[in-house]
Asks: 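I'd like to ask you about the structure that follows.
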Amino acid sequence: MNAVSVDSGKPWAVTGEERATALEVVLLERTYVFPWTQFLYGEGGADEVRLVFAVHDVIVRGSGLDSLLAEVVAQRLTLIREPFRSDRFPVTEGRFIREIVIQKIEADRQAWQ
């Protein structure tokens, strides 16, 4: 797998292959793995991106996240990592992740989907 890292200007990793099989979300105290087969849709812009999976929402907040959506559309995104608290507000502009929130979808909401 050919991955792009934070060092190359993106605070997430993508595969060089056609499609990734899963998205790994690494939080400070827990790691989630979401198979792309459970992905429903994504939305957002430069400051916030929402990825909706079968039973979880993944909300990413930061800056320069509009290019993250292009990787989501191609399902090439393999990893996003929550920054340490000291790295949440970088002094430079550009692409960065400030916060990642994982929300479990409630049963009553699942009935509507």
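No hydrogens, no waters, no symmetry mates; every other heavy atom, side chains included, goes into these values.
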Asks: Working to the nearest 0.5 Å, report the span between CG of Leu77 and OG1 of Thr15.
Replies: 10.5 Å

Asks: How long is the straight-line distance from CD of Gln103 back to CD1 of Ile105, given to the nearest 0.5 Å?
Replies: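 Reported to 0.5 Å precision, the distance equals 9.0 Å.
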
Asks: Would you say that Phe39 contacts Val72 through its side chain, given a criterion of any heavy-atom pair below 4.5 Å between the two side chains?
Replies: yes

Asks: Return each pair, listed once, that meets salt bridge (Lys or Arg N to Asp or Glu O under 4.0 Å) where at least one residue sits in residues 37-48; pairs must be two or more places apart or across chains.
Replies: Glu43-Arg50, Glu48-Arg61

Asks: Indicate if Trp36 and Phe34 have the same hydrophobic cluster label, given that clusters are the connected sets of ILVMFWY residues with side-chain heavy-atom separations under 4.5 angstrom.
Replies: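 Yes, because Trp36 and Phe34 connect within a single hydrophobic cluster, where side-chain heavy atoms sit under 4.5 Å apart.
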
Asks: Just verifying a value: how many Å separate Lys104 NZ and His56 NE2, rounded to the nearest 0.5 Å?
Replies: 5.5 Å

Asks: If you group Ile, Leu, Val, Met, Phe, Trp and Tyr by side-chain heavy-atom gaps below 4.5 Å, do Val33 and Leu27 land in one group?
Replies: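 Looking at the clustering, Leu27 is in a separate group from Val33.
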
Asks: Going through the distances and angles, do Ile102 and Asp57 end up as a side chain to side chain contact (heavy atoms under 4.5 Å, CB included)?
Replies: CA-CA 6 Å; Ile102 307 291; Asp57 285 352; over 6 Å; no

Asks: Kindly indicate whether the side chain of Val25, heavy atoms from C-beta on, has any atom under 4.5 Å from the side chain of Thr31.
Replies: no

Asks: Side-chain heavy atoms under 4.5 angstrom apart, residues restricted to Ile, Leu, Val, Met, Phe, Trp, Tyr: same cluster for Val101 and Leu79?
Replies: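 No, no single cluster joins them.
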
Asks: If you take all heavy atoms of Arg98 and Pro83, which pair is closest and at what distance?
Replies: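 Result for this residue pair: O-CG, 3.6 Å.
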
Asks: Hydrophobic cluster membership, with links at side-chain heavy-atom distances under 4.5 Å among I/L/V/M/F/W/Y: are Ile59 and Phe96 in one?
Replies: no

Asks: Going from CD on Glu18 to CD on Gln75, what distance comes out if it is rounded to the nearest 0.5 angstrom?
Replies: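 The CD atom of Gln75 is 10.5 Å from CD of Glu18, to the nearest 0.5 Å.
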
Asks: How close do Arg95 and Ser67 get, heavy atom to heavy atom, and via which atoms?
Replies: NE-OG, 3.4 Å

Asks: Could you check Ile80, Thr78, Leu23 and say which one makes a side-chain contact (heavy atoms from CB on, under 4.5 Å) with Trp12?
Replies: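 Testing each of Ile80, Thr78, Leu23 against Trp12, the sole residue satisfying side-chain contact (heavy atoms from CB on, under 4.5 Å) is Ile80.
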
Asks: Are Val26 and Glu82 packed together at the side-chain level, in the sense that at least one heavy-atom pair is separated by less than 4.5 angstrom?
Replies: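 No, their side chains stay 4.5 Å or more apart.
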
Asks: Do you know the tightest heavy-atom contact between Gly42 and Leu69?
Replies: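 The answer is C-CD2, 4.4 Å.
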
